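Attaching a single structure in structure tokens format; questions to follow.
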Amino acid sequence: MNYETVIGIEIHCELKTKSKMFSGAPVSYGAQPNTCVNEIDLGHPGTLPSLNKEAVRKALQACMALNLKIDPLIRFDRKNYYYADLPKGFQITQQFHPIGSSGYIDIDTAEGPLRVRINRLHMEEDTAKQYHVEEESWIDFNRAGTPLVEIVSEADMRSASQAMAYVDKLRNILMYLDVTDGKMEEGSLRCDINISLRPEGTEAFGTKTEIKNINSISNIEKAVSSEIIRQKALLEAGKEVQQATRRYDDVAKDTVMMRLKEGSVDYKYFPEPNIPPIQLSQVWIDEIRNSLPELPEARALRYKTLGLNEYDIKQLVQNKALSDFFDALIPSIKNVKLAANWCCGDILSALSQKQLEEKNYQLKLSELREMINALHDQAISSKQAKDIFPHLLKGENYASIVDELKIVMVSEHSSLLKLVEETLDENPQSILDYHGGKDRALGFLVGQLMKKSKGQANPAISNQLLKTELDKRKP
Amino acid sequence: MEKHSKAYFNNLAHQLRFDLTDKEAQDIVDEFSILIDQMNLLNTIDTTGVEPMVYPFEEATSFMREDIVDHVLSAQEALKNAPSSKNGFFITKKVVL
Amino acid sequence: MSFTSVKNNPVEKRVLEALDKAHLVQPILNAMVSFIDPLSQLEDLKSKDKNLPFYGIPVALKDLVNMKDTITTGSSKILDNYVSPYDATIVRKLKEAGAIIIGKASCDTFGMGGTNKTAATGPVHNPYDLSRMSGGSSGGSAVLVASGVVPMAIGTDTGDSIRKPAAFCGIVGVKPTYGRISRYGIIPYASSLDHVGFFTSNVSDAAVSLEVLAGRDDLDMTSSFKPVEKYSSLLKGDLKGKRFGIITNVTNAIQNKNTTTQFNNLCEKLKAQGAIVSEITLNEDLMKAMLPTYYVIANAEATANHSNLDSLRFGVQLEGKDNEEVMIASRTAGFGPLLRKRFVIGSYALFTENQDLIFRKAQKVRRLIVEDVKKALSEVDCLIAPASGNGAPLIEDTQIDQLSSEYLVAENFMALGNFSGYPSMTLPFGFDGVLPLGVNLTCKPFEERLMLDLAKGIEDLTQLNDLICEVKP
Ligand SMILES: [Mg+2]
Ligand SMILES: [Zn+2]
């Protein structure tokens, strides 16, 4: 029997704010434990929540980019459960009135374009981090209260690659908005993937499992693929899929059971009495919509009008930091295609993703621009550019590097012509060979010419000039 | 589990992370009949078309806090009341996943 | 004891006298849970303006109010060792106004009760008759003012927890409009019903207190932006033309003829001053439904509000083999039987399958009740009724018929002010034997100025201000 895979994805995404969702304590990753908290985050008796406006602004931006319908009356609810990482014994979330509902994004898949519907986006607060050490659990509340949006897709995906494409696209959009740093490995973007199989052609959903703790985009495809195989094997053996939460184990390259889902927990949701409904003004919403940052799709279109090819566009757009670098580079660049090549090539391999994201490098854009323009003008050769580039990376100026490396590009017609004539005069046999149909002869002559010029002759022009002069000396 | 039996309320208490003594569970079973009588008072009231009232005053506000870091405890203050702590962490007996 | 009489003493003397007296009466009244050394506060005071409204005035806090580096137990066992790492907003305001906080007063555990018998430190005794209760939940605070230890004490009021003990103890108890005083830093009972208020021995002191405590607080999103009025300087006590509406549902339910007679006399006096006194009858079915409505909403909110008490970050922790066992052991021991029962019932009301039938049903009835009160107040300036049918009950008294109309209506109607959030206060208007009786006023939202003015008018008539019931060891 053939099975169809049904996938729905929930994403928790930490918002890039300075302070917590409901308190004035700092949001910071990697700080000393329990140094980014105050009594509100620790759920001390008598504390009350006070809503962070920036978190709402970022949630709104996400709603707009994901084509969600916005509810301008903000309301919060309590989700009640007991767990060591949940200080208040309830999480403040938006169960009944999510800020965004009924949206979608379009993704590219091997099977063509796919529209994935998004059921809802709601705001909530993150929990603390626990480390399980032998018989103890160590708890750091720094993460507790960090603003989150939870984005819930419809079960519209049918393959591992679609699931990966969806998360990748969504993450990219959120990073373009600058609402999150999107770091899956640090847990600032976490996805829970619901997977079930059903016999092809049937409607009813099969029993689903939920995969958590996936720490990279590429692991999504791996995790989903292995879970599909696992479920299929069970079904084909006539066994049942158990409703459970599983996680992807990077070493075992398979999903492993975390816990069974025994019935559904009753979270006893009810409206949060300490947060009155907040009416967002249309003016503010419009202001946010009108100043929404450029999104990946718009950027790809813009690159198309610049004349970049599909490959370069894809390379650039999928890496916001690199694409931002490119955008900063291109003003007064003579050849954007050449600039794109450099960005996707040498820049990408020379600078780390972190350096790109944090703009933490010594390379000066103005100097790189000068070099690329010189290359375009054939004032330097590609080989010379490769020699120059490492010096640019150290923050040196283009002019002084050229000076230091004694780089001269002989491209002036009369001087080149003189060199060409000398070379030909010195190699009469090669002229005969060339006209005798031996292609190698031209290469030899170019080499001789380069030697004579100490590598500074413009190869393209020299080549052309040699051919013209050779033709003149046809025996 | 029979609804509103002792076992039922013991289970409910356990979900709330405490236990009831046998007497307390019996008390709740007994008082539940009074409570049901009182609930019946509520049920005699026609609330068709009435919205639940969550807040005393329901006009929406527009206030939201600016995104400013204005109050943080030192780790020492944060941990001051902790029954157990180590290396800046709150420590608890193993959390069963 | 009034602010004026306190001010006759030099600052240090009056603070130390208050502390001495608090210690002295403690074995008799059992009103305090913890004492605060006033030394550093007295030191801070030296740099402050002597004209501050609370300059050097000793004040007690209900044991639900957090004050940095002091013990705040909520009169519970689970928070027996809890040291607040922060100040409640009202503590900051009191300090800014020059008050010296001398300690925490006993209450029903987390404010959940009306007798003060559930406090971890045991019942509080009524100074007028030591075998009688203070009323609750703010019993300790009421008793400290009534016995002349402090001229002002902070209380909280979720059902009638300021106004009932004020009535039983012969003092003024004010519960202002919801949102008028910040709740930040006060251990909650039920967030949508909780109000912060206070006790004083006269209406003028109440006006001064409200002026200091009221105002917008960004840390409490439900706090109001409405400007705070000059309650104290606007106090006139002029009753002429003021419209009082007697809640007949309450007066009809009261069995005690002495209470009824004195209340009728008061109403006659009001009329004699030119007030317009009429009768208002609220929907009796709704009045009878008030107690169950209250019970459901308050306990549902309370069970969630106290889910933070898991003994992991603060509080008294007991042994267990894993985290869950530790939590269960600590919460079982840390909550009394009454609380555990209420949490079970509150939680029951919140189950998804029960919410429509119980929790949301109660919230709908709450709206109907509030609409009825709102309608009644559209015709008058103020609703008036005795705060209780009788003086303070005996501590040992357990015989209360939970479904009689005297109990359902006369003893619980003040929750109207919590359902609606409307300002409400009680002040003494007579005695039943040795026991004080209180009268309750409820006004329209944010009409505290008017409410205090009407109370002042009543106080001028009864002359029952600055009552102190001295107790001697
Ligand atoms: Mg959620
Ligand atoms: Zn979530």
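These numbers were taken from a predicted model, which means no experiment stands behind them.
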Counting heavy-atom pairs under 4.5 Å with chain C, which one of I40(A), L86(A), I278(A) comes out on top?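 Heavy-atom pairs under 4.5 Å are most numerous for I40(A).
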Side chain from CB out, backbone as N, CA, C, O: work out which of these in A304(C) comes under 4.5 Å of a heavy atom of chain A, or both, or neither.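 Both the backbone and the side chain of A304(C) come within 4.5 Å of chain A.
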Given that the side chain runs from C-beta out, which part of F314(C) has a heavy atom under 4.5 Å from chain A: side chain, backbone, both or neither?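 The side chain, not the backbone.
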Give, as side chain, backbone, both or neither, the part of F110(C) having an atom under 4.5 angstrom from any heavy atom of chain A.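 Neither part, no heavy atoms under 4.5 Å.
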Partners passing side chain to side chain donor-acceptor pair (under 3.5 Å) against R117(A) (at least two apart in sequence or in another chain):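 By the side chain to side chain donor-acceptor pair (under 3.5 Å) rule, R117(A) matches D156(A).
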Please name the pair of heavy atoms, one in A300(C) and one in F270(A), separated by the smallest distance, quoted to 0.1 Å.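 Of all heavy-atom pairs spanning A300(C) and F270(A), the closest is O-CZ, 4.4 Å.
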Could you tell me which portion of F141(A) (side chain, backbone, both or neither) has an atom closer than 4.5 angstrom to a non-hydrogen atom of chain C?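 Side chain only.
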Counting only heavy atoms not in Q242(A), do more than 12 fall under 6.0 Å of its CD?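 No - once you tally the heavy atoms of other residues, nucleotides and ligands closer than 6.0 Å, there are 12 at most.
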Pick whichever of L64(C), L309(C), I186(C) has the most heavy-atom pairs under 4.5 Å with chain A.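 Maximum pair count with chain A is reached by I186(C).
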Pairs of donor and acceptor atoms under 3.5 Å between chain A and chain C, please, with atom names and distances.
residue	atom	partner	partner atom	Å
E39(A)	OE2	Y184(C)	OH	3.3
L42(A)	O	R313(C)	NE	2.6
G43(A)	O	N308(C)	ND2	2.9
H44(A)	ND1	Y82(C)	OH	2.5
P45(A)	O	N66(C)	ND2	2.9
P45(A)	O	Y86(C)	OH	2.7
G46(A)	O	G185(C)	N	2.7
T47(A)	N	Y86(C)	OH	3.4
S50(A)	OG	D218(C)	O	3.0
R78(A)	NH1	N305(C)	OD1	2.9
R78(A)	NH2	N305(C)	OD1	3.0
Y82(A)	OH	S307(C)	OG	2.9
Y82(A)	OH	R331(C)	NH2	3.0
P87(A)	O	R313(C)	NH2	2.6
K88(A)	O	N308(C)	N	3.1
D266(A)	OD1	T352(C)	OG1	2.8
D266(A)	OD2	T352(C)	N	2.9
D266(A)	OD2	T352(C)	OG1	3.3
K268(A)	NZ	S347(C)	OG	2.7
Y269(A)	O	Q355(C)	NE2	2.6
N274(A)	OD1	R183(C)	NH1	3.0
N274(A)	OD1	R183(C)	NH2	3.0
N274(A)	ND2	S191(C)	OG	3.4

Got more than 12 heavy atoms from elsewhere within 6.0 Å of CD, E186(A)?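 Result for CD/E186(A): enclosed.
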Can you sort out the partners of P98(A) under side chain to side chain contact (heavy atoms under 4.5 Å, CB included), two or more places apart, ordered by chain and number?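 Side chain to side chain contact (heavy atoms under 4.5 Å, CB included) list for P98(A), sorted by chain: R120(A), H122(A).
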Are the side chains of P276(A) and M221(C) in contact, using a 4.5 Å heavy-atom criterion?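 SC-SC contact between M221(C) and P276(A) confirmed.
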Can you sort out the partners of F419(C) under ring-ring contact (aromatic ring centres under 6.0 Å, His included), two or more places apart, ordered by chain and number?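 ring-ring contact (aromatic ring centres under 6.0 Å, His included) check on F419(C) returns nothing, list empty.
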